[in-house]
Amino acid sequence: MQIITPVGLGGARWIAITVCAVIATTVFAASEQTLSAPAQIRSVLQAQQAAWNRGDIDGFMNGYARSASTVFISEDTIRRGWQTVRDRYRKKYSSRAKMGTLMFSDLEITVLSSNWAVASGRWKLKRADDQPHGRFTLILKGLPEGWRIVHDHTSAATK
């Protein structure tokens with residue numbers, strides 16, 4: 001088999017140009033992935049909000065990494081493990097009335113690397129008798145199944 005190089009270019013020069021083109025394409029593709037990470041993370045949080053608002057805690061939990069190392073901090077308590085976090089949500093929000101309608105706002109996303117990001121924002125529940133609200137900070141990891149929350153620190157406002 002014979003490799004034919006473009007007319008007028010030496011073999012080494014042709015290889016160098018090809019390698020540069022491949023590197024440029026790879027760098028461009030990587031930067032597009034980084035740029036799309038905030039949109040992907042927003043999508044995860046929007047899916048969580050939608051699942052919550054239809055009463056689907058399991059759908060809401062799809063935003064979290066299914067791992068024993070997933071961390072959820074609230075109410076002066078640290079909970080570890082996806083299942084533990086799920087059990088907490090199921091117990092605390094055992095009815096649609098307790099769940100209310102969830103809204104996320106003021107979302108800020110900082111991409112730290114190709115696989116790590118931090119998101120912060122506000123949460124608010126609208127329920128018949130009250131409207132609890134507060135802030136959250138999330139650490140997300142890019143996993144094969146997409147961006148997932150691996151650490152959630154949520155606080156409730158006192159006023």
Side-chain angles (χ1 to χ4, degrees), residues 20-159:
C20 286
V22 169
I23 289 171
T25 302
T26 302
V27 168
F28 179 74
S31 70
E32 277 195 337
Q33 286 177 339
T34 301
L35 292 176
S36 66
Q40 292 171 21
I41 291 166
R42 283 182 193 279
S43 178
V44 168
L45 297 176
Q46 289 167 350
Q48 280 192 302
Q49 181 176 297
W52 186 274
N53 291 338
R54 65 176 180 270
D56 181 4
I57 288 178
D58 287 337
F60 177 81
M61 288 300 299
N62 285 336
Y64 289 89
R66 288 185 184 249
S67 169
S69 62
T70 297
V71 173
F72 182 86
I73 302 171
S74 71
E75 302 167 347
D76 199 32
T77 302
I78 298 175
R79 292 169 181 86
R80 297 182 192 281
W82 182 90
Q83 187 63 50
T84 303
V85 174
R86 180 180 176 266
D87 293 346
R88 180 247 184 214
Y89 275 116
R90 284 199 163 288
K91 182 177 180 182
K92 184 167 182 169
Y93 300 100
S94 58
S95 70
R96 284 298 295 129
K98 288 180 181 178
M99 289 179 78
T101 301
L102 175 65
M103 291 167 290
F104 292 135
S105 64
D106 299 336
L107 189 60
E108 294 181 21
I109 299 168
T110 303
V111 177
L112 303 174
S113 72
S114 61
N115 291 324
W116 292 97
V118 175
S120 63
R122 295 178 182 268
W123 63 270
K124 183 176 187 177
L125 290 180
K126 282 191 175 183
R127 301 189 293 205
D129 297 329
D130 63 357
Q131 292 190 15
H133 61 282
R135 294 190 174 265
F136 61 86
T137 302
L138 310 172
I139 299 174
L140 296 101
K141 184 174 183 180
L143 299 170
E145 60 271 21
W147 287 94
R148 295 294 183 266
I149 300 163
V150 296
H151 186 103
D152 178 341
H153 192 162
T154 296
S155 62
T158 56
K159 293 183 182 183

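Everything numeric here is computed off the predicted structure, so don't read it as measured data. The figures here come from the full heavy-atom set of this structure, side chains too, leaving out hydrogens, waters and symmetry mates.
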Might you point out which heavy atoms bring [X] and [Y] nearest each other, and give the distance in Å?
| X | Y | answer |
| --- | --- | --- |
| Arg127 | Pro132 | NH2-CG, 3.3 Å |
| Ala51 | Gly59 | CB-C, 3.5 Å |
| Val44 | Arg148 | CG2-NH1, 4.0 Å |
| Leu125 | Tyr93 | CD1-CE2, 3.8 Å |
| Ser74 | Arg79 | OG-NH1, 3.6 Å |
| Ala65 | Leu143 | CB-CD1, 3.9 Å |

Sub-3.5 Å donor-acceptor pair from the side chain of [X] to the main-chain atoms of [Y], do we have one?
| X | Y | answer |
| --- | --- | --- |
| Ser69 | Ser67 | no |
| Ser95 | Lys98 | yes |
| Gln49 | Phe104 | yes |
| Trp123 | Ser155 | yes |
| Gln48 | Phe60 | yes |
| Trp116 | Ile139 | no |
| Asn53 | Leu102 | yes |

Measure centre to centre between the rings of Tyr64 and Trp82, then say whether the value is under 6.0 Å. no

Please round to the nearest 0.5 Å and tell me the distance separating atom [atom1] of [X] and atom [atom2] of [Y].
| X | Y | atom1 | atom2 | answer |
| --- | --- | --- | --- | --- |
| Arg88 | Glu75 | CZ | CD | 5.0 Å |
| Ile73 | Thr137 | CD1 | OG1 | 10.0 Å |
| Asp56 | Met61 | CG | CE | 11.5 Å |
| Ser120 | Ile109 | OG | CD1 | 9.0 Å |
| Leu140 | Asp152 | CG | CG | 9.0 Å |
| Phe72 | His151 | CZ | NE2 | 10.5 Å |

Evaluate the side-chain proximity of [Y] to [X]: yes if any heavy-atom separation is below 4.5 Å, no if none is.
| X | Y | answer |
| --- | --- | --- |
| Trp147 | Leu45 | no |
| Arg122 | His133 | no |
| Ile149 | Thr70 | no |

Mark yes when over 12 heavy atoms from residues, nucleotides or ligands other than Arg96 sit less than 6.0 Å from its CZ; otherwise mark no. yes

*Glu145 CD: over 12 foreign heavy atoms closer than 6.0 Å*: yes

As a quick check of understanding, evaluate side chain to side chain contact (heavy atoms under 4.5 Å, CB included) for Asp58 and Arg90, giving each step before the final call. CA-CA 9 Å; Asp58 287 337; Arg90 284 199 163 288; 3.2 Å; yes

